[in-house]
Amino acid sequence: MTHREILEALSGLLLVLFVAMSSSTIVSTALPTIIGDLNGTQNQYTWVVTATLLTATASTPIWGKLADLYSKKLLVQVSIVVFVLGSIIAGLTQNTEQLIAARAFQGLGMGGVQALVQVAIAAMIAPRERGRYNGYLGGVMGLATVAGPLLGGVIVDTDWLGWRWCFFIGIPIAILALIVLQKTLHLPVLRRENVKIDYLGATLIAAGVSVILIWVSFVDDSFAWISWQTLAMVGGGVLLLALATFVESRAAEPVVPLSIIRQRTTALAILGSLAVGMAMFGGAVFLGQYFQIGRGYSPTEAGLLTIPMMFGLAFASTVAGRLITKSGNIKPYVVVGTIILVGGFGSLSVLDHDTSLWYVGGAMFLVGAGVGMSMQNLVLAVQNTVALKDIGAASSTVAFFRSLGGTIGVSVLGAVLAHRVADSMTEQLTAMGVHSTGTGSGVSALNLGSLPPAIQHVVRVAYGDATGHIFLISMFIAVVGVIAAVAMKPTKLRSTVDLAAPKPAEPEPAAAAVTQG
């Protein structure tokens, strides 16, 4: 393809990538309003995010394998159609259960778009030419990350639009991308022989994680820690994950290649990515809720207030990337990044409903800088320590576990937040002499507009003070990332495409002496 043909096809790919990435960031700011309007609970708030992350994570490797069997162009278009249908259903939902199901379906399309855009770019651009086009990808990702929360806030605050347009707004852009790709993307169908798609492994991993996350959401609320429900759900989840490990060890082309995971750098990078993903996704999802429910800001203002974290991420990743290219050393920047991440979450752990916004902004910048310095560079460390034939599998495995970590982080931290808020509200209401929730029958505590002013204040204080606790947990999770980064072997950017061939072993001194004799 010529440079012009590449840019034409790239325009459609970047359009749909922007829509897929921004769909999560737009909803993050609008979610407090959405869940309040639908009279949802804090656990349901969490699962609207978790369901999307879970299905996107589980389906991404399957989409990648399908690209080895069928037309990449057709698969990109199918994933766009799935995403559009999911967006339409999500925008028309009437309760939180329907919204969670719609977001799970939307996640299937999102996982396909994120995986197949990369596959299509790799198929039409030679490796040595790919660097010049990476700037476009980085720009789109940065724009989606920064503009999404603000756009979501503006949509919710605009009376003639409303929150449903957070789902509808991307549909015209996705359809435009579909038309552009039909006219500009022309890729040969190169079908690999004997491709094995590990449907069973992916299903078992997703099912095992889902069962445990559902248990986390309901334990100590719907049933006790020590109960038959706990035994059934935890035991069932562990059994499913054990079966997944067995299947992965036998699969011809596993979703999670165990042979690669056993390598020290890859194993530690996976552990670090799990920690960074849990801390990053888990922390970021609840900041919009903190600003709106805990502090009383509008969705638009909440979107603006999250910009320091996004700016820190973009700034640190750019600077660290240049320094790594100049020095060739990767490990020092990953170690420093994870330490900064711990410091950022430690600073956020003292948040309450009266904390200075300047302080919050500075702490958020540190979190963003920590993620920017560590997240992608963990993948880079793996890519420079495995053989050329394993780079794709190793990179996708690290990304898989980072997304999985984000899914677990959102679910666990959301469950902790829900318990802390419930305890705080009960304590405050008891002190006021009120012996019930006081929210009124059928009215969610997140639907602040329907609550009396005194109860609104109770809810705001509960959310404002409880949010700091989940950032304290995020800090301890991020410490695991520091330990993994410190334990990694020093890694340098290699100048060869593949690993250097091992040198022949030198003869032992005794053997050499015998030979000389």
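The shown structure was predicted, so the numbers you read here are calculated from the model rather than taken from an experiment.
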I'd like to know if the side chain of [X] reaches the main chain of [Y], judged simply by a donor and an acceptor atom lying under 3.5 Å from each other, with no hydrogens or angles considered.
X      : Y      : value
Ser411 : Thr407 : no
Thr158 : Trp160 : no
Asp37  : Thr33  : no
Trp163 : Gly152 : no
Arg164 : Gly91  : yes
Arg295 : Thr355 : yes
Gln98  : Gln94  : yes
Arg420 : Gly468 : no
Thr55  : Ala104 : yes
Asp157 : Thr300 : yes

Can you see which heavy atom on [X] is nearest to which on [Y], and at what distance?
X      : Y      : answer
Val367 : Gly344 : CG2-C, 3.6 Å
Met373 : Ala316 : CG-CB, 3.8 Å
Ser23  : Ala20  : OG-O, 2.7 Å
Ala251 : Pro254 : O-CD, 3.6 Å
Pro308 : Gly361 : CB-O, 3.5 Å
Val334 : Ala485 : CG1-CB, 3.8 Å

Please tell me if the side chains of [X] and [Y] come closer than 4.5 Å, counting only heavy atoms from C-beta onward.
X      : Y      : answer
Phe291 : Val360 : yes
Thr46  : Phe286 : yes
Leu99  : Leu38  : yes
His353 : Arg460 : no
Leu429 : Ile455 : yes
Ser79  : Trp63  : yes
Gln42  : Gln289 : yes
Gln106 : Ile89  : no

Given Ile212 and Leu241, is the side-chain contact (heavy atoms from CB on, under 4.5 Å) satisfied, shown in steps?
-> CA-CA 10 Å; Ile212 292 174; Leu241 292 176; 4.0 Å; yes

Quick one: pull up [atom1] in [X] and [atom2] in [Y] and give me the separation to the nearest 0.5 Å.
X      : Y      : atom1 : atom2 : result
Ser87  : Met110 : OG    : CE    : 7.5 Å
Leu351 : Leu287 : CG    : CG    : 8.0 Å
Ser474 : Leu413 : OG    : CG    : 4.5 Å
Leu417 : Ile470 : CG    : CD1   : 5.0 Å
Met488 : Thr265 : CE    : OG1   : 5.5 Å
Thr50  : Tyr45  : OG1   : OH    : 11.0 Å

Would you say the side chains of Gln292 and Tyr463 form a donor-acceptor pair under 3.5 Å?
-> no

Among side-chain atoms of Gln44 and Thr96, is any donor-acceptor pair under 3.5 angstrom?
-> yes

Inspect the surroundings of CD in Glu427 and state if more than 12 heavy atoms from other residues, nucleotides or ligands are less than 6.0 Å away.
->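 For Glu427, atom CD is not crowded (no more than 12 foreign heavy atoms under 6.0 Å).
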
Using a cut-off of 6.0 Å, state whether more than 12 heavy atoms not belonging to Phe476 lie near its atom CZ.
-> no

Parallel, tilted or perpendicular: which fits the ring planes of Phe315 and Phe311, with parallel below 30° and perpendicular above 60°?
->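 Judged by the thresholds at 30° and 60°, the geometry between Phe315 and Phe311 is parallel.
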
Could you go through the side-chain contact (heavy atoms from CB on, under 4.5 Å) check for Ile34 and Phe167 one step at a time?
-> CA-CA 11 Å; Ile34 296 172; Phe167 301 106; 4.1 Å; yes

Test side-chain contact (heavy atoms from CB on, under 4.5 Å) applied to Ser22 and Leu151, step by step | CA-CA 9 Å; Ser22 62; Leu151 182 58; over 6 Å; no

Can you list the steps and then say if Thr230 with Ile226 is a side-chain contact (heavy atoms from CB on, under 4.5 Å)?
-> CA-CA 6 Å; Thr230 291; Ile226 300 176; over 6 Å; no

